[in-house]
Amino acid sequence: MTDKETNGQEVTAKSNFIHQQIEKDLSEGKNDGRVHTRFPPEPNGYLHIGHAKSICLNFGAALKYGGMTNLRFDDTNPEKEEDEYVRSIMEDVRWLGFDWGDRLFYASDYFDRLYAFALKLIREGKAYVDDQDAETISNQKGSPTRPGTESPYRNRSVEENLRLFEAMKNGDFEEGACVLRAKIDMTSPNMHMRDPILYRIMKTPHHRTGDKWVIYPMYDFAHGQCDYWEGITHSICTLEFEVHRPLYDWFIDQLKEGDYRPRQIEFARLNLTYTVMSKRKLLELVKERYVSGWDDPRMPTISGLRRRGYTPASIRNFAERVGVTKVEGISDVTLLEHSVREDLNKTAPRVMGVLDPLKVIITNYQAGEAEMVEAVNNPEDPEAGTRLVPFSGELYIEREDFMENPPAKFFRLAPGREVRLRYAYFITCQEVVRDEKGEVTALLCTYDPETRGGNAPDGRKVKATIHWVSAAHAVEAEVRLYDRLFMVEDLSEEKERDFKEFLNPGSLVIKQGCRVEPSLVQAVPFSHFQFERIGYFNVDPDSTPGKPVFNRTVALKDAWTKEKGK
RNA sequence: UGUCCUGUGGUGUAAUUGGUAACACGUCUGACUCUGGAUCAGAAAAGUUCAGGUUCGAGCCCUGACAGGACAACCA
């Protein structure tokens with residue numbers, strides 16, 4: 001990880017409806033003027049760009065109003081949760097530039113208190129053990145348009161409930177034999193209020209509590225209470241939990257002693273064009289090897305974006321730009337791409353690299369000789385200085401930069417035409433060399449020694465400047481070019497077919513035999529570069545000594561490609 | 001045939017809380033340039049889902065439609 005740990009402070013959050021609600025709460029003197037948020041991932045997968053939005057929102061709001069943010073793992077389902085995910089989530093949050101201080105919690109930290117709270121509800125006649133199976137309970141729940149009916153076990157005595165619940169905890173029953181339910185209202189128009197399940201029996205070891213428990217609380221029974229015990233004031237979550245809010249509030253009502261109470265506020269999750277954002281689908285892509293892993297650079301995961309070459313600042317800026325609302329839409333990936341280009345343009349050192357080499361022989365250059373030319377490291381940053389790049393009579397240029405029969409708006413090299421080799425000399429193409437199949441294998445060119453450094457003393461201009469590397473000095477590299485993972489813009493509109501049918505077969509193109517300037521031999525994994533005129537690249541950890549591997553983060557904006565498309 | 005949420009340029013958001021639609025990305029011009037990058041200047045693009053109503057005045061308030069979404073896991 002070579003990106004600097006910024007703590008996200010420089011993100012001056014523009015206002016949104018959540019900030020407005022926080023300000024209203026503050027002005028009404030709620031919760032002693034405290035603002036305390038939390039980021040509550042379930043450790044059942046890697047974090048993605050949608051989580052990044054939530055992280056920025058939660059940590060950002062606390063930063064803005066002088067509050068704090070807790071990191072809390074919502075680990076109430078041992079069947080899905082693993083330590084690997086816990087590890088990766090912490091890494092990703094830190095990498096994004098946020099700090100939860102010493103406030104690292106797990107829902108499982110509260111299992112004892114949750115159990116005690118359940119006991120209290122039973123004693124108050126507000127919870128009961130139901131012996132029915134899942135299907136029966138589900139049928140009794142009714143439907144969104146039809147009220148539910150009460151369980152025959154609903155009115156058991158407090159004593160019996162206490163005894164049964166303890167037996168549940170002691171492992172006296174099999175999985176599925178019974179559950180603990182809240183006694184609320186089976187006719188409520190809100191399905192979540194129809195005697196929701198509080199505890200179920202699961203004889204699966206938990207990643208943190210081991211086999212201490214065989215009963216586990218449901219999300220609804222855990223989340224709000226954890227918020228309460230941690231002193232959370234604003235519990236920000238996504239829209240699908242909106243219908244859970246009355247239940248969230250009901251539990252808080254049972255728990256609350258003073259004036260303090262946490263408040264749940266929902267916002268629309270992030271959707272991005274040409275990708276999927278559900279952990280279930282991402283897990284499927286990983287498990288079935290459609291991608292190389294959670295950190296495959298084509299994945300919208302934070303680890304994937306990191307490996308692809310995205311920077312924390314670019315992701316934070318993106319999160320800021322998409323804003324926070326309750327409108328479910330889909331944001332354009334090009335906005336994300338714009339955010340990295342903007343950041344990398346200011347910070348990435350420029351280098352020269354040729355993806356598809358075409359040999360150029362400078363016929364009037366002394367064979368076997370070489371010299372160093374000075375190149376600017378970053379025109380956007382004078383502090384970045386300059387470097388020396390070797391030049392010789394045998395070079396490689398980009399195959400795309402030469403056309404034998406150039407169309408009107410093609411400005412680059414062509415027979416008889418003169419162009420500038422960046423930071424070096426003007427060259428003119430004199431002759432095209434081809435193999436027996438007619439394939440162009442080399443170009444014979446002449447250079448003008450007077451143009452050293454890139455300018456002609458006689459003031460003559462060239463239409464184009466192209467990049468190059470010296471054949472003898474260049475380092476061979478592998479370059480991985482990425483394109484969108486899916487071929488359709490909005491996957492949510494393709495409900496009829498399996499999402500995997502829309503995978504883009506060309507999302508990864510591996511190019512071997514690329515040539516990069518020698519300064520790149522020892523490039524450190526995860527460092528960023530701009531290959532001049534091509535795009536931004538990131539060193540992949542697959543690199544080996546002497547054989548770097550680069551990932552294309554994003555291409556440079558390219559007027560010629562656009563012109564070609566016309 | 002329910003309850004709740006949401007409808008503003010192509011996309012994402014704004015609109016001093018009732019005062020005459022703004023910003024970003026994208027698109028299109030042009031300038032500049034040793035990256036067809038960056039930068040700079042400018043343009044096109046919504047009259048706010050629709051219909052009524054209140055008001056001197058409505059994207060904001062009211063009513064009713066319409067459209068999209070969420071909710072019937074012992075998932076979160």
Side-chain angles (χ1 to χ4, degrees), chain A residues 14-16 20 40-42 44 74-77 79-81 107 130 133-135 137-148 175-181 188-192 194 197-202 215-216 218-220 222-223 237-246 266 268 270 273 279-280 321-332 334-339 341-342 345-346 350 352 375-376 379-380 409-412 420-424 426 451 453-455 461-467 489 492 530-535 555-563:
Chain A
K14 68 179 185 193
S15 190
N16 59 51
Q20 288 166 10
E42 182 188 11
N44 67 341
D74 222 329
D75 56 352
T76 56
N77 183 354
E79 287 177 356
K80 292 185 177 175
E81 297 146 8
D130 194 335
D133 61 35
E135 200 190 334
I137 290 176
S138 166
N139 290 336
Q140 281 172 357
K141 276 215 168 158
S143 77
T145 53
R146 185 168 36 85
E175 285 189 9
C178 50
V179 291
L180 183 72
R181 291 229 257 167
S188 169
N190 184 329
M191 299 280 298
H192 296 278
R194 324 243 260 229
I197 290 167
L198 271 30
Y199 269 96
R200 75 285 212 192
I201 299 169
M202 286 180 118
I215 56 171
Y216 291 94
M218 299 290 290
Y219 164 83
D220 286 307
H223 201 97
C237 62
T238 44
L239 248 29
E240 68 268 28
F241 292 101
E242 205 156 25
V243 279
H244 293 239
R245 199 186 332 134
E266 312 84 12
L270 173 73
T273 52
K279 277 201 225 173
R280 198 210 91 225
R321 273 189 254 250
V322 292
V324 181
T325 62
K326 299 188 73 154
V327 185
E328 295 183 78
I330 182 163
S331 294
D332 206 320
T334 60
L335 186 58
L336 216 210
E337 293 176 343
H338 171 261
S339 295
R341 283 199 194 96
E342 178 187 58
N345 176 47
K346 288 180 295 191
R350 271 60 169 172
M352 290 194 283
V376 172
E380 300 293 317
K409 292 193 172 170
F410 183 85
F411 306 145
R412 286 109 96 152
R420 170 167 42 233
L421 293 180
R422 178 136 239 226
Y423 299 124
F426 285 9
T451 58
N455 286 301
K461 301 284 183 195
V462 287
K463 261 297 217 184
T465 299
I466 65 175
H467 59 276
E489 200 170 272
S492 71
Q530 184 200 96
F531 284 11
E532 295 220 28
R533 307 206 308 127
I534 304 177
L556 243 32
K557 280 205 253 171
D558 178 5
W560 167 239
T561 306
K562 203 182 281 179
E563 186 64 40

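Just so it is clear: chains get the letters A, B, ... in the order the sequence lines come, proteins before strands, and each one is counted from 1.
Side-chain atoms of Pro144(A) lie closest to rG2(B) of the nucleotides rA14(B), rG37(B), rG2(B). Proximity note for Arg321(A) (side chain, C-beta onward) versus rA76(B), rA24(B), rC74(B): the nearest is rA24(B). Set against rC74(B), rA76(B), rG37(B), the side chain of Tyr219(A) has rA76(B) as its closest nucleotide. The side chain of Lys562(A) approaches rU27(B) more closely than any other nucleotide in the set rU27(B), rU35(B), rU13(B). Considering only side-chain atoms of Asp74(A), the nucleotide from rU1(B), rA76(B), rU11(B) that sits closest is rA76(B). Among rA72(B), rU8(B), rA76(B), the nucleotide with an atom closest to any side-chain atom of Val327(A) is rU8(B). Residue Val243(A) has its side chain nearest to rC71(B) when only rA76(B), rG36(B), rC71(B) are considered. In the set rU1(B), rC75(B), rG36(B), the nucleotide with an atom closest to the side chain of Thr145(A) is rU1(B). Nearest to the side-chain atoms of Gln20(A) among the listed nucleotides rA24(B), rC75(B), rA15(B) stands rA15(B). Side-chain proximity of Arg350(A) to rU35(B), rC74(B), rA76(B): nearest is rU35(B).
Nearest-nucleotide positions on RNA chain B for Val324(A) and His338(A) put Val324(A) closer to the 5' end. Two residues, Ile201(A) and Lys463(A), neighbour RNA chain B, and the one matched to the more 5' nucleotide by heavy-atom proximity is Lys463(A).
An anti orientation is assigned to rU8(B), its glycosidic angle lying beyond 90° of 0. Taking the syn range as angles within 90° of 0, the glycosidic angle of rG64(B) is outside it, so the base is anti.
The side chain of Ser331(A) places no N or O atom within less than 4.0 Å of a non-bridging phosphate oxygen (OP1 or OP2) of rC25(B). Look at Arg146(A) and you won't find any side-chain N or O under 4.0 angstrom from OP1 or OP2 of rG2(B). Residue Lys557(A) places at least one side-chain N or O closer than 4.0 Å to OP1 or OP2 of rG26(B). OP1 or OP2 of rU13(B) has at least one side-chain nitrogen or oxygen of Thr325(A) nearer than 4.0 Å. OP1 and OP2 of rA73(B) both lie 4.0 Å or more from every side-chain N or O belonging to Arg200(A).
Comparing the same atom, P, in rG7(B) and in rC61(B) gives a spacing of 10 Å after rounding to whole Å. Rounded to a whole angstrom, the distance from the C1' atom of rA58(B) to that of rG19(B) is 10 Å. With both ends at atom C1', the span from rU3(B) to rA14(B) equals 31 Å, rounded to whole Å. Nucleotides rG36(B) and rU11(B) are separated by 26 Å at their C1' atoms, to the nearest Å.
At a threshold of 4.0 angstrom between heavy atoms, the contacts of Pro379(A) include nucleobase atoms, whether or not backbone atoms are also involved. Counting any heavy atom pair closer than 4.0 Å across all strands shown, Val322(A) reaches sugar-phosphate atoms only and no base atom. Among the atoms of the strands shown, base atoms are found under 4.0 Å from some heavy atom of Gln530(A). Within 4.0 Å (heavy atoms only), Asp220(A) reaches no atom of the nucleic acid at all. Within 4.0 Å (heavy atoms only), Arg341(A) reaches no atom of the nucleic acid at all. At a threshold of 4.0 angstrom between heavy atoms, the contacts of Glu328(A) are confined to the sugar-phosphate backbone, with no base atom among them. Using a 4.0 Å heavy-atom cutoff across all strands shown, Asn44(A) reaches no nucleic acid atom at all. Within the 4.0 angstrom heavy-atom criterion, no nucleotide atom of any strand lies near Phe531(A). Nucleic acid contact for Thr76(A): sugar-phosphate only, since backbone atoms but no base atoms lie under 4.0 Å from a heavy atom of the residue. Residue-level contact check: Tyr216(A) touches neither bases nor backbone, having no heavy atom under 4.0 Å from any strand. Backbone-only contact: His192(A) has heavy atoms under 4.0 Å from sugar-phosphate atoms and none from a base. Nucleic acid contact for Tyr423(A): base, since at least one base atom lies under 4.0 Å from a heavy atom of the residue. As judged by a 4.0 angstrom heavy-atom cut-off over every strand, Leu556(A) is placed among the base-contacting residues. Backbone-only engagement by Gly329(A) is indicated by non-hydrogen atom pairs under 4.0 Å involving sugar-phosphate atoms exclusively.
Here Arg245(A) pairs with Glu266(A) in a salt bridge; the nearest charged N to carboxylate O distance falls below 4.0 Å.
Here the CD1 atom belonging to Ile215(A) is positioned 12.5 Å from the CE atom belonging to Met202(A), to the nearest 0.5 angstrom. The SG atom of Cys237(A) sits 8.5 Å away from atom CD of Glu242(A), with the distance rounded to the nearest 0.5 Å.
Residue Glu380(A) places a side-chain atom within donor-acceptor reach of the base of rG37(B), judged by atom type and a 3.5 Å distance cut-off alone.
Atom NE2 in His244(A) sits roughly 7 Å away from atom P in rA72(B) (whole-Å rounding).
The backbone N or O of Lys141(A) lies less than 3.5 Å from a partner atom in the side chain of Arg194(A), making a donor-acceptor pair. Between the side chain of Asp332(A) and the backbone N or O of Thr273(A) there is no donor-acceptor pair closer than 3.5 Å.
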